[in-house]
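Here's the structure we're looking at; comments come further down.
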Amino acid sequence: EGRAGFFRREPKEVAARLRYAYIEQHSRQWNIHELCEAVGVSESGYYRYLRRKGRPNRDALLSATMQEILGEHPQNENYGAPRMQQALAQRNVKAGLRRVKRIMREHGWLHECRRRPHGLTKADPEAMAAENLLKQNFHADKPFAKLLTDITQVQCRDGKLYISPIMDCFNGEILSLEMRDNMKKELCVDTVKAMAKRFAVRGAILHSDRGSQYTSEAFRSELARQGLTQSLSGVAHCYDNARMESFFATLKKELIYRVSAYRLSKEEVKTLVFRYVFVYYNRLRVYTANPNGWPPETWRRMYLKQAA
């Protein structure tokens, strides 16, 4: 503000830093003590302002650290305030959530998702009823105890791509993922087979909705072959598999919508999805539900090492 604007308000209505700057500007003309009294600040406060001037303030230091975190991987640009707060904590930097959110907003680092994924599979009315064993309790005390699966679709330049993952409730890790140009039962069966080849999942509960793929004889036979117990959502109970839907929302917000998948071929999108899930999401991305925000694969390995 100009000098006239400065005096249009009472001194106490002007920010302290502006009053300090005013004193510094006129310190050669007037006595420091008198200037401090005139604008309502203490001399000690003014000299503290001079000592700190030119040093990076706390917000500047914090924003620099946040910038480093965002620069570690292109997908980190999707971090919201809670995930950024945990990434800072992993570097022994403490910061309140409101402060992190404010700094991210000031720098344009917060992104809002404008689209929500919708359910895809349709319930088979003639299928035998199976019990909902999870009942919306997605907490697991150990790996490979409670698993979730579902299908989502992505519109590509040359048609639709159907994505079928299996998630571990313990740490949010995607244990397997298959993609096809159709959503037949074989897509879901092969997702289970791929998981069983990599992990010791015998005895686990696998939860899904009541889509015809999951109630098919082929799928149930594969579950029995791998020693898995089936759990099915209630009819029209979208929250029964909410954590899986949350993963799909994250995948689309952080990858699919950002790369404009509809302009890419199915093969190109497949490559991007595999890279996002198995290189970034499982191994590098801060996962706020895990202790200290550890990435899913990191937390699983830490837990199994401690339990050994």
Side-chain angles (χ1 to χ4, degrees), residues 1-2 5-6 13-21 49 52-118 152 154-157 163 172 174 242-243 245-264 268-269 271-296 298:
E1 295 183 72
F6 184 91
E13 295 177 353
V14 179
R17 62 181 175 80
L18 295 179
R19 285 183 273 168
Y20 291 142
Y49 157 80
R52 292 178 177 176
K53 187 181 177 184
R55 298 182 191 173
N57 60 35
R58 293 177 63 214
D59 280 0
L61 293 172
L62 183 60
S63 64
T65 305
M66 293 161 70
Q67 181 72 64
E68 289 177 8
I69 292 170
L70 294 173
E72 287 178 352
H73 193 283
Q75 293 295 344
N76 285 3
E77 292 181 1
N78 294 294
Y79 276 11
R83 186 161 286 109
M84 177 60 75
Q85 185 186 35
Q86 289 199 315
L88 290 166
Q90 290 176 5
R91 291 160 174 78
N92 297 315
V93 177
K94 294 183 179 180
L97 185 60
R98 289 178 63 182
R99 184 178 171 213
V100 170
K101 186 178 292 186
R102 173 177 58 78
I103 292 175
M104 293 186 72
R105 184 177 293 113
E106 288 173 356
H107 287 78
W109 294 336
L110 284 178
H111 306 283
E112 300 295 335
C113 182
R114 299 178 182 176
R115 289 181 266 189
R116 296 176 180 269
H118 302 285
T152 193
V154 175
Q155 181 63 53
C156 303
R157 187 182 66 224
I163 304 173
I174 301 303
R243 192 168 178 188
E245 293 296 337
S246 178
F247 167 73
F248 287 148
T250 297
L251 173 66
K252 293 185 176 182
K253 173 189 172 184
E254 296 191 358
L255 178 69
I256 301 301
Y257 299 149
R258 291 173 69 86
V259 301
S260 300
Y262 65 92
R263 296 178 177 177
L264 305 176
E268 288 173 320
V269 174
T271 299
L272 292 174
V273 170
F274 269 115
R275 186 180 302 155
Y276 171 84
V277 170
F278 293 113
V279 175
Y280 177 70
Y281 185 90
N282 278 352
R283 299 180 180 180
L284 301 174
R285 183 179 181 271
V286 169
Y287 198 88
T288 54
N290 289 341
N292 204 31
W294 294 120
T298 301

Considering all heavy atoms, the nearest [X]-[Y] contact:
X: Ala89; Y: Asn292; value: CB-OD1, 4.3 Å
X: Leu110; Y: Ala81; value: CD2-N, 4.0 Å
X: Ala95; Y: Val100; value: CB-CG2, 3.7 Å

Any residue meeting side chain to side chain donor-acceptor pair (under 3.5 Å) with [X], in chain and number order, not counting sequence neighbours:
X: Gln155; result: none
X: Glu106; result: Arg102
X: Arg243; result: Tyr287
X: Arg157; result: none

Give every donor-acceptor pair under 3.5 Å between a side-chain atom in residues 61-70 and any protein atom, sequence neighbours left out.
unit_1: Ser63; atom_1: OG; unit_2: Asp59; atom_2: O; d: 3.1
unit_1: Ser63; atom_1: OG; unit_2: Ala60; atom_2: O; d: 2.9
unit_1: Thr65; atom_1: OG1; unit_2: Leu61; atom_2: O; d: 3.2

What is the ring orientation for Tyr281 with Tyr276, classed by angle as parallel under 30°, tilted 30 to 60°, or perpendicular over 60°?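 Tilted, since the angle between the ring planes falls between 30° and 60°.
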Quick note, ring-ring contact (aromatic ring centres under 6.0 Å, His included) partners involving residues 63-91, not counting sequence neighbours, are His73-Tyr280
Applying ring-ring contact (aromatic ring centres under 6.0 Å, His included), which residue pairs with at least one partner in residues 86-110 are found, sequence neighbours left out?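 Passing the test, one end in residues 86-110: His107-Trp109.
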[X]: what forms a side chain to side chain contact (heavy atoms under 4.5 Å, CB included) with it, not counting sequence neighbours?
X: Leu272; value: Leu255, Val259, Leu264, Arg275
X: Gln86; value: Val286, Thr288
X: Phe278; value: Leu177, Arg198, Phe274, Asn282

For Trp294, which residues count as a ring-ring contact (aromatic ring centres under 6.0 Å, His included) partner, sequence neighbours excluded? none
Could you tell me whether a side-chain N or O of Ser246 sits under 3.5 Å from a main-chain N or O of Ala242, the two making a donor and an acceptor? no
Donor-acceptor under 3.5 Å (Gln75 side chain, Arg285 main chain): no
Once salt bridge (charged side-chain N to carboxylate O under 4.0 Å, His left out) is applied, do any residues pair with Arg91, and if so which ones, sequence neighbours excluded?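 Counting only residues at least two positions away or on another chain, Arg91 forms a salt bridge (charged side-chain N to carboxylate O under 4.0 Å, His left out) with Glu72.
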Give, for atom NZ of Lys101 and atom CE of Met84, the distance between the pair rounded to the nearest 0.5 Å.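 If we round to the nearest 0.5 Å, Lys101:NZ and Met84:CE are 13.5 Å apart.
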Please walk me through it: do Leu251 and Ile163 pass side chain to side chain contact (heavy atoms under 4.5 Å, CB included)? CA-CA 11 Å; Leu251 173 66; Ile163 304 173; 4.2 Å; yes
Of Arg258, Lys253, Arg83, which meets side-chain hydrogen bond (donor to acceptor under 3.5 Å, both in side chains) against Asn78? Arg258
